[in-house]
Amino acid sequence: MTRPLALLLATALAGAAQADPPEILSAVADRQGDGWRVSVTLRHPDTGWEHYADGWRVETGDGTVLGTRVLVHPHEQEQPFTRALSGIALPDGAPLFVRARCLVDGWGTGLVPLERR
């Protein structure tokens with residue numbers, strides 16, 4: 001590999017590693033019949049089909065996934081944006097969290113507590 005090509009590749013990979021993860025601005029659950037409706041507001045610097053926030057999920061403290069909302073398209077012109085997932089069974093009293101995902105960087109490491117109303 002030539003030196004200029006190696007430098008270009010290293011720069012591109014460093015930029016991808018430093019991409020901003022999706023930011024969870026709010027995460028609330030409202031009782032809906034026998035289940036819950038979870039609404040999550042995200043902000044992410046979506047750049048198009050190649051790089052966008054593509055989901056979020058509700059987790060217990062031990063990482064058990066209770067529900068996942070897949071986001072199927074970028075939201076470049078709609079930031080921040082809110083999407084919901086209905087019919088989730090949430091255990092009583094246990095602390096729950098939301099984690100967001102980006103198409104390029106995968107699941108983020110940050111967890112936001114889920115507020116029940």
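Hydrogens, waters and symmetry mates play no part in the numbers below; they use all other heavy atoms, side chains included. This chain uses plain numbering: 1 for the first residue, then up along the sequence.
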Tell me the closest heavy-atom pair linking [X] and [Y], and the distance in Å.
X: Trp49; Y: Leu103; result: O-CD2, 3.3 Å
X: Val40; Y: Ala27; result: CG2-CB, 4.2 Å
X: Gln79; Y: Glu76; result: CG-O, 4.1 Å
X: Arg43; Y: Pro80; result: CB-CB, 4.2 Å
X: Asp54; Y: Cys102; result: OD1-C, 3.4 Å

Would you mind reporting whether Ser26 and Thr82 have side-chain heavy atoms less than 4.5 Å apart? no
Is any side-chain heavy atom of Val58 less than 4.5 Å from a side-chain heavy atom of Trp36? no
Got a salt bridge between Glu59 and Arg57, using NZ or NE/NH1/NH2 to carboxylate O under 4.0 Å? yes
Under 4.0 Å between a side-chain nitrogen and a carboxylate oxygen: does that hold for Asp30 and Arg37?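 Here Asp30 does not pair with Arg37 in a salt bridge, since their nearest N and O are not under 4.0 Å apart.
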Does the Asp105 side chain pair with the main chain of Asp20, one donor and one acceptor, at a distance under 3.5 Å?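 Not at all, since once roles are kept as given, no pair shorter than 3.5 Å links the two residues.
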Is it the case that the side chain of Arg69 and the backbone of Ala84 share a donor-acceptor pair, with hydrogens and angles ignored and the cut-off at 3.5 Å? yes
Reported [atom1]-to-[atom2] distance for the pair [X] and [Y], which is rounded to 0.5 angstrom:
X: Leu42; Y: Arg101; atom1: CG; atom2: CZ; result: 13.0 Å
X: Glu78; Y: His73; atom1: CD; atom2: NE2; result: 7.5 Å
X: Thr68; Y: Trp107; atom1: OG1; atom2: CH2; result: 5.0 Å
X: Thr41; Y: Leu25; atom1: OG1; atom2: CG; result: 6.5 Å
X: Thr109; Y: Arg99; atom1: OG1; atom2: CZ; result: 7.5 Å

The test is side-chain contact (heavy atoms from CB on, under 4.5 Å); show your working for Leu96 and Arg116 and say whether it passes. CA-CA 9 Å; Leu96 301 173; Arg116 296 179 211 213; 3.1 Å; yes
Taking [Y] as the starting point, is it possible to reach [X] by hopping between hydrophobic residues whose side chains are less than 4.5 Å apart?
X: Val38; Y: Val112; value: yes
X: Leu90; Y: Val98; value: yes
X: Tyr52; Y: Leu85; value: no

In this structure, is the centre-to-centre distance between the rings of His44 and His75 below 6.0 Å?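 So the answer is no for these two rings.
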